[in-house]
Amino acid sequence: MLLKKLFRTLWQYKAQFISMIIMVALGVGVFLGFNVEWYSLEVNTKEIYDATGFADYRVYSDKGFSETELEAVKAIQGVEDATRFLSLNVSVKDDTDTLALTVSENMNVSGILLMAGEEYDETDTEGFWLSDSYAAANGIGLGDSMTLTYQTISVSGTVKGLVKSSEYLICLPDSNQMMPDYSSYGFVYISPAMLDQAIPSLYRKLMGSLYHQINVKSDLDKAAFVEQADKALGSTRLILSKAETVSWAEAQGEVNEGKTMASILPVLFLAIAILTMVTTMHRITASEKTQIGTFKALGFKDRRILVHYSAYALIIGLIGTALGIGVGYWLGWYIMNPYGAMATYIDMPSWSLHAPRFTWYVLAGINVFLTLIGFLSVRRMLAGTAADALRPYTPKRMRHLRFEETKRFKALGFGTKWNLRDCVRHKARSLMTLFGIVGCMVLLVGGMGMKDTMDSFLDVFYGQAINYATRVNHDSENASLEEGKALAERLKGDWAASRAIQIGDKGYALEIYSVTHDKVRFVDTDMRIVPLTDEGAYVCARIARDFGLTPGDTLTFSPYDSDEHYTVPVAGVLDSMTEGIFMTEAYAARIGVSYTVSCVFTDETDIPEDAHILNRQSKQSIMDSFDTFMDLMNKMVLLLVLAAVVLGIVVLYNLGVMSYTERYREMATLKVVGFKDSKIGRLLISQNLWLTVIGILIGLPAGVGVLQYLLTALASEYELKLTLGAPTYLVSVLLTFGVSLIVGLMVARKNRRIDMVAALKTEE
Amino acid sequence: MAIVELKDVSRVYRNGEHEQRALDHVNLSLEEGKFIVVLGPSGAGKSTLLNLLGGLDSPTEGTVTVNGRDISTLTPNELAEYRAASVGFVFQSYNLIPTLTVIENVALVKEIAPNPLSSHDMLKAVGLADHIHQFPSELSGGEQQRVSIARALAKNPHILLCDEPTGALDSQTGVMVLGLLLSMARDMGKTIIIVTHNQNIAKMADTVIRVKNGRIEYCRNQEHPLSVEEVDW
Ligand SMILES: Nc1ncnc2c1ncn2[C@@H]1O[C@H](COP(=O)(O)OP(=O)(O)OP(=O)(O)O)[C@@H](O)[C@H]1O
Ligand SMILES: [Mg+2]
């Protein structure tokens with residue numbers, strides 16, 4: 001019998017049960033989804049890091065490393081393995097594409113994972129092991145022949161294998177680009193034997209060793225390793241740990257983003273789910289109080305009644321969790337799948353989905369907690385003797401409130417008084433409604449604001465600050481400063497020089513600009529375009545933050561491979577993609593830093609052949625690479641907006657129905673007295689609308705706050721500045737209003753079906 | 001002139017195959033300004049009759065004419081207007097709005113009734129002038145019922161319908177409330193129809209109607225109704 005009642009009751013309160021299930025499913029889904037996302041990324045990236053021997057440290061030298069130097073590094077206590085490594089951007093013959101030509105002497109470190117074709121052979125002299133993503137984007141297959149050129153040297157061979165490599169997990173030609181674009185840039189491995197054959201012996205004698213890097217696998221921490229390596233090599237070298245490489249830092253950045261998302265959004269959803277559960281369970285058990293009392297009076301033991309009612313909560317929890325797991329994996333897949341934008345960003349072989357173990361404990365905990373809510377709600381109704389339990393639940397007595405004494409309150413219409421007192425009397429319900437609306441606003445403002453911020457960021461950094469059509473990369477090692485300047489002159493362009501420097505023990509870039517044609521512009525921390533003056537060095541916002549620098553302070557840096565130190569005043573703080581310091585050529589010349597031209601920015605389309613031109617990169621190709629990025633962004637925004645609408649509708653509908661049943665008798669009375677349905681409907685809706693207005697007023701700043709937090713937590717590397725467009729305000733306010741109004745109308749429509757006779761027949 | 005006219009009225013409840021005739025071809029004509037008592041056993045159809053008169057329900061067959069207007073075919077909105085303007089209702093349960101004070105509960109009819117009376121006067125008349133700022137839950141049952149009478153009369157209706165108004169009160173309070181109803185209706189010249197199980201009340205009526213099995217058993221006019229004081233409670 002009790003079981004029969006269980007299902008009848010479920011049916012009777014179906015709106016409440018369904019909305020609770022949806023809320024639990026959403027909460028669980030969002031929680032699991034974001035956790036699956038970051039954890040899967042961590043598991044899958046670890047897989048390729050391990051499979052391809054991702055190096056922990058990279059030691060750099062302009063002159064190249066000899067075999068003895070390699071042996072010296074290998075001999076360091078705590079170094080597992082090491083390899084001499086070369087990565088050089090070369091051109092694909094008869095094409096504008098660029099490939100990172102890569103050689104690793106010892107493929108156990110910084111090696112490859114074969115996806116198709118022949119195993120790598122270190123004695124092979126005509127085989128390319130080409131990035132499979134690049135091959136796919138350019139229609140290249142196994143057995144195709146290719147020729148690569150670097151200045152006057154060219155290498156030919158056939159594609160023997162299609163591979164992936166953790167060194168190129170995020171395959172970017174330089175820090176200006178945010179998204180890989182495999183149609184124009186990729187990587188290719190060749191054997192050391194092939195490299196030997198390709199480089200004429202004369203040339204090699206002149207240049208010394210070609211291997212500019214030693215890549216190392218080691219568990220030592222950075223300070224210890226740097227100390228040991230400097231000792232072993234006999235001089236200070238630029239050493240970057242894996243945390244300073246794009247392929248590690250950006251991928252871990254994604255993981256951390258996922259973790260942050262997983263710690264914010266789900267909290268919002270789960271909190272709302274649990275609060276909905278608390279209010280609804282309380283409401284259901286309260287309205288069932290006489291039934292509970294009847295059971296008790298009939299002689300049912302408290303324990304059975306408790307179990308019976310707790311079962312409702314458990315059923316809701318279990319169904320919601322089951323659905324939520326589905327939603328969670330779907331969400332994880334949606335963000336993290338081999339066909340989506342993430343796959344364009346991170347070039348991983350495996351996209352399997354994994355949930356971290358703790359999520360299962362949390363899910364179990366949520367179910368226990370939900371059941372407990374049910375349990376506690378009934379226990380309150382069971383308290384006392386059977387006679388006490390039989391008495392219907394009486395809500396708190398009405399008391400006069402302070403504000404009722406005011407003249408203004410006395411002048412209000414009865415409907416307003418009715419609604420106001422009702423809100424105050426059912427505080428939990430009103431608060432929950434507010435919470436739902438605030439949540440809806442936060443999601444809308446957060447989601448759309450994220451896009452606004454990104455759009456304005458792209459517009460300023462790429463639309464305005466990049467004012468050139470083509471960036472020509474210039475061989476700064478082999479060409480003189482005069483040759484570089486001559487090229488810039490010929491191309492009617494501006495130019496920049498770049499040097500690796502140290503501030504303290506950290507590595508940064510020093511960029512020196514000569515801007516006479518307005519081809520590059522600089523952006524300050526307020527996202528305004530500002531000119532560089534000759535009064536000192538400009539630092540990026542991250543350096544300013546890390547070293548506590550403000551304009552007027554001084555800063556000391558030292559170029560790598562040199563013992564000179566320069567102390568310069570800070571002229572300003574810039575928002576920049578490159579982590580480094582910036583200065584004009586005039587100022588650089590004044591303090592005596594040496595430099596050669598590393599790139600020229602120009603609008604000329606007719607770029608002459610020049611031995612010192614390494615490659616060129618068009619603004620268009622950079623802009624194109626954002627398309628996938630913006631696509632991901634748009635999907636996220638769409639998801640958030642959808643989530644906001646679902647959340648708003650579910651929470652408000654549930655509470656609306658609750659308020660409706662609670663006031664059913666009052667409305668029946670009004671109807672008997674002669675109030676029209678439309679008037680009663682308006683009364684109901686107006687309460688909803690007030691709460692909506694208050695919710696929006698709270699939700700707007702809350703949304704901005706959450707967004708600001710997310711921006712600092714997630715995207716500090718971009719130095720984003722929060723920007724909100726008028727449409728975002730408008731759409732979030734209107735959408736929230738719309739949701740509230742629609743739900744209000746849906747509930748208000750019900751009052752037509754109030755059966756006056758039946759409602760008033762029963763005793764109060 | 002007849003203020004209420006029922007012609008061949010039936011109210012049928014259908015429950016699947018089962019058919020319950022709560023009212024079965026009822027014909028009735030009631031005069032204005034009278035005190036009318038409806039008697040009958042439980043389930044006879046008394047409440048159904050009152051609900052039809054009050055525009056809470058519509059007949060399955062036949063016509064209900066009140067004040068010369070056929071109310072059996074009105075739309076829900078027209079019925080609401082009818083209830084607002086023409087009838088006052090008092091139930092066994094008091095049906096007050098718990099979140100409104102006593103005076104507010106009465107004053108709310110001002111928003112709908114075309115010519116309402118002063119809420120304050122009404123409350124004074126039912127003897128609650130000292131309680132107007134209290135909430136219903138702070139009053140006794142009899143006091144609450146008086147508030148609902150004040151609310152029904154504040155609309156200044158033609159007819160006052162009372163469905164067992166004293167059913168939830170002890171007999172002493174019940175008599176007091178009844179006396180109040182009666183005197184107010186008489187003073188204001190209202191038509192008043194009371195459903196009750198109490199035979200004594202019938203002694204005071206101008207007209208006594210007895211309902212049985214959905215039919216009118218009899219409808220009798222009394223030449224000399226007793227006053228409240230004359231009835232032996
Ligand atoms: N909603 C309904 N559905 C089905 N039958 C109903 C419904 N309402 C009333 N009835 C039936 O109609 C008949 C008349 O009911 P009504 O409420 O008018 O009786 P009553 O004379 O007021 O009785 P009581 O003195 O007990 O209040 C009863 O037999 C009842 O079972
Ligand atoms: Mg009845």
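Chain identifiers are assigned alphabetically (A, B, ...) following the order of the sequence lines, protein sequences preceding nucleic acid strands; residue numbering begins at 1 within each chain. Keep in mind that this is a model prediction, so the values were computed, not measured.
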Q | Which atoms of B/Leu108 approach chain A - backbone, side chain, both or neither, heavy atom under 4.5 Å | A | both
**Q.** Which atoms of B/Asn51 approach chain A - backbone, side chain, both or neither, heavy atom under 4.5 Å
**A.**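 Side chain of B/Asn51 only, per the 4.5 Å heavy-atom cut-off to chain A.
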Q. What part of A/Lys679 gets closer than 4.5 Å to chain B, counting heavy atoms only: side chain, backbone, both or neither?
A. side chain
Q: Please answer whether the main-chain N or O of B/Thr65 pairs with a side-chain N or O of B/Lys7 as donor and acceptor at a distance below 3.5 Å.
A: no
Q: Please answer whether the main-chain N or O of B/Ser72 pairs with a side-chain N or O of B/Asp70 as donor and acceptor at a distance below 3.5 Å.
A: yes
Q) For the residue pair B/Gly45 and B/Leu23, what are the closest heavy atoms and their distance? A)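 For B/Gly45 versus B/Leu23, the nearest heavy atoms are O-CD2, 3.7 Å.
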Q: Decide if atom CD of B/Glu19 counts as having more than 12 heavy atoms of other residues, nucleotides or ligands within a radius under 6.0 Å.
A: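 Result for CD/B/Glu19: enclosed.
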